[in-house]
Amino acid sequence: MTDRKKVTLPMLFDKITKGTPITMITCYDYPMAYLVEQAGIDIVLVGDSLGMTILGFDSTLPVKMDDMIRHAQAVRRGTPNAWLIGDLPYMTYQASDESAVLNSGRFMAEAACDGVKLEGGQEMASRVRAIVSAGIPVMGHLGLTPQSVSSLGGFRLQGKSAGQAKKIVDDAAALEEAGAMAILLELVPDQVCGLITQRAKIPIISLGSGPNADGQLLIFHDMFGLYPKFTPRMAKQYGDAGKVIADGLKQYVEEVTSGAFPEPERYFGIKDEEYAELLRLLDSPAPSGSRP
Ligand code: KIV
């Protein structure tokens, strides 16, 4: 693995005191997590976006707690040192403080997460308070909150009017007051993100909300061309792994079809005398030529 130190909450707060940006990424499985660990990323979110990027649904709503646990366990095996956050999926915390605490506890006990994330502002303050009282760190998520995509009217910029922006600023204050350890701002205007960051004492992470935050988050599949349906404008593409894989698969089909694969160095034989003995045991002559 790597010899870096395990990221802790004090280390994240130390970064904001020193003005060193926090790096954060979503991640869903072991091989991705292994690469993320090598890159030394601070915070890894096992996002319920896996409903779309991994499971192929059109939204995050069908994702279940058991799906999240399975993926969080795999991610933890790949990145033992990142600060790992489990994303509470739809309807695992909205109904009651009790459901919020119990499902957050599953991420900690079953997947060795360091904290959880939930969507929503003032209306979720009591959930945040309950989870934090159970000793579990919570990241809030404001702005474009995909679990409320229907009421938000689609995947679009939030807080464009002064009134809407004020609600996001008030929501951030309420989450911090309730004990959230950090807040993710997804797709809110740059100036609104800057204002919230200035006022907050906890790390503010931007996803498509500009540079005036304590850290940045991108979704792994958007960064590497691995989500075929669309790439949002906020997502910078750092490579096209999707094209590399597609080209490789095309070549594989061609080589199997033409007989170029497998090459002699990719398979194994037995000694001639063993093969002759095998034929004798089977009481059959050596096959000649190929099948029709
Ligand atoms: O599920 C997820 O990956 C998220 C990000 C969009 C922040 O919540």
Side-chain angles (χ1 to χ4, degrees), residues 6-13 16 22 24-28 42-51 60-61 63-73 75-76 79 82-148 167-186 196 199-205 207 214-215 217:
K6 168 93 185 73
V7 178
T8 61
L9 215 40
M11 280 161 75
L12 296 174
F13 276 83
I16 70 167
I22 293 171
M24 179 168 170
I25 197 168
T26 61
C27 188
Y28 315 110
D42 298 313
I43 305 181
V44 172
L45 169 70
V46 184
D48 65 351
S49 51
L50 67 81
T60 59
L61 304 195
V63 177
K64 302 275 180 273
M65 197 62 208
D66 285 347
D67 299 325
M68 295 301 299
I69 294 289
R70 192 69 160 169
H71 283 273
Q73 289 168 335
V75 170
R76 179 45 103 197
T79 179
W83 211 80
L84 185 65
I85 300 186
D87 200 11
L88 286 162
Y90 186 57
M91 283 304 143
T92 61
Y93 60 97
Q94 284 92 342
S96 66
D97 288 356
E98 191 186 350
S99 64
V101 173
L102 291 175
N103 285 309
S104 300
R106 285 195 63 191
F107 274 122
M108 308 299 281
E110 296 175 40
C113 285
D114 296 299
V116 300
K117 175 172 87 57
L118 55 70
E119 298 182 8
Q122 293 158 73
E123 69 286 1
M124 286 297 142
S126 136
R127 303 289 180 274
V128 172
R129 215 168 270 120
I131 300 168
V132 171
S133 302
I136 302 172
V138 182
M139 174 180 274
H141 180 169
L142 297 171
L144 172 55
T145 44
Q147 291 174 15
S148 310
K167 161 110 175 64
I168 298 174
V169 174
D170 291 344
D171 280 342
L175 291 177
E176 180 168 355
E177 210 269 319
M181 53 67 68
I183 296 171
L184 169 67
L185 293 179
E186 179 172 353
I196 292 173
R199 292 172 166 223
K201 292 192 178 57
I202 56 175
I204 303 297
I205 309 291
L207 171 58
D214 298 304
L217 164 66

Would you name the heavy atoms of Y28 and H71 that are closest together and state the gap between them?
-> O-ND1, 2.7 Å
Does any non-hydrogen side-chain atom of W83 lie less than 4.5 Å from one of L9?
-> yes
One should read off an interatomic distance between F107 CZ and I85 CD1, to the nearest 0.5 angstrom, of 10.5 Å
If you measure from CE on M65 to CG on L102, what distance do you get to the nearest 0.5 Å?
-> 10.0 Å
Specify the closest pair of heavy atoms between G135 and P137, including all atoms of both residues, with the distance to one decimal.
-> O-CD, 3.8 Å
Is there a donor-acceptor pair closer than 3.5 Å between any side-chain N or O of D214 and the backbone N or O of I204?
-> yes
Counting N and O atoms only, with roles assigned by atom type, does the side chain of Q147 sit under 3.5 Å from a partner on the main chain of L88, one being a donor and the other an acceptor?
-> yes
Spatial distance of atom NE2 (H141) from atom CG (L118) [nearest 0.5 Å] = 10.5 Å
For R127 and Q94, run side-chain contact (heavy atoms from CB on, under 4.5 Å): C-alpha distance rounded to whole Å, both residues' side-chain angles, the deciding distance at 0.1 Å, then the answer.
-> CA-CA 8 Å; R127 303 289 180 274; Q94 284 92 342; 5.8 Å; no
With a 4.0 Å cut-off, would you call D66 and R106 a salt bridge?
-> yes
Report, as yes or no, whether the 6.0 Å neighbourhood of atom NZ on K6 holds more than 12 heavy atoms from other residues, nucleotides or ligands.
-> yes
Could you state the interatomic distance from SG (C113) to CD1 (I69), rounded to the nearest 0.5 Å?
-> 7.0 Å
Distance from L84 atom CG to L45 atom CG, nearest 0.5 Å?
-> 8.5 Å
Check A130 against D97 and note the closest heavy-atom contact, atom names and distance.
-> CB-CB, 3.8 Å
Heavy-atom closest pair, residues D48 and P89 = OD2-CA, 4.0 Å
Which atom of G140 lies closest to which atom of L175, heavy atoms considered | CA-CD1, 3.9 Å
Can D114 and I43 be said to form a side-chain contact (heavy atoms from CB on, under 4.5 Å), step by step?
-> CA-CA 10 Å; D114 296 299; I43 305 181; over 6 Å; no
Begin from the C-alpha positions of E119 and M124 and carry the test side-chain contact (heavy atoms from CB on, under 4.5 Å) through to its verdict.
-> CA-CA 8 Å; E119 298 182 8; M124 286 297 142; over 6 Å; no
Output yes when R129 and E177 qualify as a salt bridge under the 4.0 Å nitrogen-oxygen rule, no when they do not.
-> yes
Grab the two heavy atoms, one from I131 and one from S104, that are nearest each other, plus how far apart they are.
-> CD1-OG, 3.4 Å
Please step through side-chain contact (heavy atoms from CB on, under 4.5 Å) for the pair L50 and M68, ending with a clear verdict.
-> CA-CA 8 Å; L50 67 81; M68 295 301 299; 3.7 Å; yes
Any chance you could measure E98, atom CD, to N103, atom CG, to the nearest 0.5 Å?
-> 10.0 Å
Qualifying residues under salt bridge (Lys or Arg N to Asp or Glu O under 4.0 Å), relative to E176, sequence neighbours excluded | none
Are any non-hydrogen side-chain atoms of V44 and I25 less than 4.5 angstrom apart?
-> yes
